[in-house]
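Worksheet: one structure, shown below.
Per chain, numbering begins at 1; letters A, B, ... match sequence-line order. Computed from a prediction, not measured in an experiment: that's the story for all the values here.
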Number of protein chains: 2
Amino acid sequence: MAKTTLVSLAESLGVSRQTISNVINAPHRVKPETRERVEHAIAESGYRPSAAARQLRTRRSMNLGIRMMPVVDGINGSILDRFLHALTEAAQEEGYRLTLFSAATDDDEVRQYEDLLNVADLDGFVLTGTHHGDQRTAWLLENEVPFASFGRPWSDTEDPFTSLHPWVDVDGGAGTEQATRLLIDQGHTAIGFIGWPAGSGAGDDRRDGWRRALQAAGLPADQLDLRVFDGVPAGARAAEQVIAAGATAVVCASDSLALGALSTFRSRYPAPASPDVIGFDDTPVAAAVGLSSIAQPIEDAARHIIRVLAHTLSGDEASGRPDKHLLLTPTLAQRFPHPLAGDGWLA
Amino acid sequence: MAKTTLVSLAESLGVSRQTISNVINAPHRVKPETRERVEHAIAESGYRPSAAARQLRTRRSMNLGIRMMPVVDGINGSILDRFLHALTEAAQEEGYRLTLFSAATDDDEVRQYEDLLNVADLDGFVLTGTHHGDQRTAWLLENEVPFASFGRPWSDTEDPFTSLHPWVDVDGGAGTEQATRLLIDQGHTAIGFIGWPAGSGAGDDRRDGWRRALQAAGLPADQLDLRVFDGVPAGARAAEQVIAAGATAVVCASDSLALGALSTFRSRYPAPASPDVIGFDDTPVAAAVGLSSIAQPIEDAARHIIRVLAHTLSGDEASGRPDKHLLLTPTLAQRFPHPLAGDGWLA
DNA sequence: AAACGTTATTTGATCGTTCAACTTAGTGAT
DNA sequence: ATCACTAAGTTGAACGATCAAATAACGTTT
């Protein structure tokens with residue numbers, strides 16, 4: 001049984017190749033009667049157009065590239081897993097496929113763009129983890145390669161909502177602000193923040209949210225603002241410092257940091273009735289140890305990214321174009337804070 | 001600046017298309033002198049062969065498919081993340097790329113094979129989570145589609161080492177056996193096992209390892225063998241039962257189950273000096289709560305899978321063919337068992 | 001110097017689509 | 001009856017590579 005192609009199908013039907021091609025790509029050009037006959041034959045024969053041939057002619061592969069970041073921290077990594085998943089599903093729905101590539105650094109990533117564009121004919125890219133002075137977005141814009149990023153473009157001067165490329169992001173600051181307000185409502189008057197060194201965009205944004213909530217409540221931030229590199233041990237050490245500065249609760253920029261902080265808090269203070277340590281990303285680890293955490297609607301983000309990218313690629317300016325820039329609001333997953341002493345997270 | 005193609009490059013060099021093609025695909029056919037001149041020109045012009053054209057002619061895409069399983073359990077899911085990562089890197093080294101697709105069920109996966117083979121011209125597939133009576137391997141074998149699986153073919157009658165398709169797996173039984181022996185050496189005489197319902201291949205294998213260790217030491221397994229569906233709450237409940245049956249330690253088929261068990265154990269027994277609950281997969285959660293766990297060499301597995309698959313696809317029977325069937329041995333990550341009461345996992 | 005074998009290089013055909021230009025038929029207005 | 005226009009369908013060329021077969025170049029043998 002030979003492989004069915006446009007030509008073989010056309011012959012057996014007594015029509016021309018192009019008519020079949022039209023049935024597939026521009027049905028309105030074909031008389032309904034003929035169309036139905038062809039459609040039936042397509043289903044019958046199980047014909048599938050060859051991606052290679054189509055790609056050669058149209059210069060579109062329906063393939064999007066996404067980089068696998070090196071696994072630095074198993075804890076935070078899980079969010080990428082969820083993201084990738086949602087991305088794959090959304091892409092599939094829009095008729096696109098995802099091609100993975102791995103790059104150790106941003107430079108490396110840029111270097112691979114060229115290869116991937118030519119060699120694999122990728123139609124566009126999904127970026128994650130944008131930061132200040134991101135060379136990747138600059139390169140892609142310069143070379144007019146379609147892409148969308150999870151993460152807004154971070155700049156001190158420009159409004160992200162005017163940026164040239166589409167992006168979706170989660171309003172981390174709104175999340176930490178909400179978390180901090182909860183702690184304030186619970187009666188805390190000295191609330192610390194454990195975050196990353198300044199300059200990371202997302203990290204600064206989360207810090208700002210905490211600071212806003214404190215200011216609104218007229219509470220001090222001095223001595224309570226710690227900046228460390230991500231990781232559980234670093235979080236634990238930082239927690240000792242904020243406690244020394246008088247803090248009775250703390251908001252963290254990641255679940256890794258929060259997990260460390262939680263261990264310090266439990267060894268210094270008895271387990272309280274409401275959260276005193278709040279993390280970020282709502283990872284499985286947080287759920288496991290009963291750590292409250294700020295949850296990103298990452299599935300929504302993924303879906304929207306694909307939608308925007310697909311829209312850009314289709315060139316279809318008319319039909320309901322999705323927001324080019326979208327800032328989603330995270331939610332707070334509140335948990336009983338010391339499960340290993342009870343059954344907290346079993347519910 | 002027009003895109004460089006074989007023809008444009010050939011013209012500017014005064015040689016024929018085919019010569020350039022040969023420099024790339026069969027350098028030995030070209031006179032060293034010419035070759036060097038062409039190679040220089042290639043580098044100069046930044047020429048990259050078009051994947052589409054090549055694919056159309058050779059019917060090979062250098063693309064491998066891998067399915068994204070639905071995220072069931074964030075805890076165990078992280079291992080897939082690591083696997084995917086290693087797979088991507090290994091594939092890249094061998095000149096292959098990975099294309100993701102998502103399928104909710106095995107049936108769905110099989111259905112997508114056809115599409116992916118035609119539409120995306122995938123060269124082969126990587127399978128994960130093989131089980132008894134797996135329809136996917138049957139379909140792929142029948143249709144002569146190259147693939148390799150992470151997970152041996154599970155059958156009561158046939159020796160996996162004679163199977164027709166290549167696979168890599170981790171000897172889970174060896175892992176649980178080692179873990180159980182450790183508990184025995186530590187003085188435990190009633191050691192339970194919390195695993196999945198019979199029939200899952202990998203699950204039964206892990207149970208068998210535990211049982212072997214007990215038998216070798218002349219210890220009883222009665223009443224201590226629990227079968228539940230995966231999850232933290234289920235693990236906690238099962239732990240109550242094994243404790244009721246007299247167990248002072250337990251080995252689990254997953255970190256989810258182990259995490260539940262750990263919570264029960266800590267509420268019944270004081271924290272011991274050596275592990276009394278041992279999980280499987282060495283997930284970040286295990287590391288976070290100081291849970292000992294059996295660690296799969298998953299990066300090695302991924303690398304080998306790609307190597308075998310690449311070898312099959314190259315058709316190169318001669319050059320050092322990698323083992324068609326490979327069983328790797330896991331290691332035991334031993335941890336201090338109650339970090340939240342101290343600084344156990346900060347080291 | 002003719003005949004030969006090997007190596008180096010070129011040429012024509014092909015993979016399976018889509019684009020662009022073209023033909024044919026049908027409809028309605030002038 | 002002529003013309004203009006739209007609709008439906010056809011055909012040749014092109015996308016950019018590789019395969020297979022043909023040719024050119026070159027040193028060896030007779």
Taking atom [atom2] of [N] as reference, at what distance in whole Å does atom [atom1] of [X] sit?
| X | N | atom1 | atom2 | value |
| --- | --- | --- | --- | --- |
| L6(B) | dC15(D) | CG | P | 13 Å |
| H28(B) | dT7(C) | NE2 | P | 10 Å |
| N25(B) | dC19(D) | CG | C1' | 11 Å |
| K31(A) | dT24(C) | NZ | C1' | 13 Å |
| E33(A) | dA7(D) | CD | P | 18 Å |
| I20(A) | dT18(C) | CD1 | P | 11 Å |
| E11(B) | dT10(C) | CD | P | 13 Å |
| K3(B) | dA17(D) | NZ | P | 7 Å |

Residues touching DNA chain D, which here means a heavy atom under 4.0 Å, drawn from residues 40-60 of chain A: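 Within residues 40-60 of chain A, the residues near DNA chain D are L56(A), R57(A), R59(A).
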
So [X] and [Y], would you call those rings parallel, tilted or perpendicular, with 30° and 60° as cut-offs?
| X | Y | answer |
| --- | --- | --- |
| F83(A) | F150(A) | parallel |
| H132(A) | W154(A) | tilted |
| F125(B) | F101(B) | perpendicular |

N-O pairing of R59(B) and D121(B) below 4.0 Å: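 Looking at R59(B) and D121(B), the cut-off is not met.
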
Ion pair check, R82(B) and E299(B), cut-off under 4.0 Å: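 Salt bridge present between R82(B) and E299(B).
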
Distance test, side-chain N/O of N22(B) to OP1/OP2 of dT9(C), below 4.0 Å: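 The answer is no; no side-chain N or O of N22(B) sits under 4.0 Å from OP1 or OP2.
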
Phosphate contact (dG9(D) OP1 or OP2) by T34(A) side-chain N/O below 4.0 Å: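 Yes, T34(A) has a side-chain N/O under 4.0 Å of OP1/OP2 on dG9(D).
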
Pair N22(B), R29(B): side-chain N/O donor-acceptor within cut-off below 3.5 Å: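 Judged by distance alone, the side chains do not pair up.
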
Under 3.5 Å side-chain donor-acceptor pair for Q135(B) and D106(B):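 The criterion, which ignores hydrogens and geometry beyond distance, is not satisfied for D106(B) and Q135(B).
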
Write out a two-atom table: protein N or O, nucleotide N or O from nucleotides 21-23 of chain D, distance below 3.5 Å.
none

Main-chain N/O of A103(B) paired to R67(B) side chain as donor or acceptor, under 3.5 Å: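 Side chain of R67(B) to backbone of A103(B), a donor-acceptor pair under 3.5 Å: yes, one is there.
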
Any donor-acceptor N/O pair, Q92(A) side chain to S102(B) backbone, under 3.5 Å: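 Indeed, once roles are kept as given, a pair shorter than 3.5 Å links the two residues.
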
Sugar-phosphate only, base, or nothing, as touched by T5(A) at under 4.0 Å among non-hydrogen atoms: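 Sugar-phosphate: the residue T5(A), judged by heavy atoms under 4.0 Å, touches backbone atoms but no base.
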
Base dT11(D) to side chain R17(A), donor-acceptor N/O within 3.5 Å cut-off: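 Checked by distance alone, the answer is no.
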
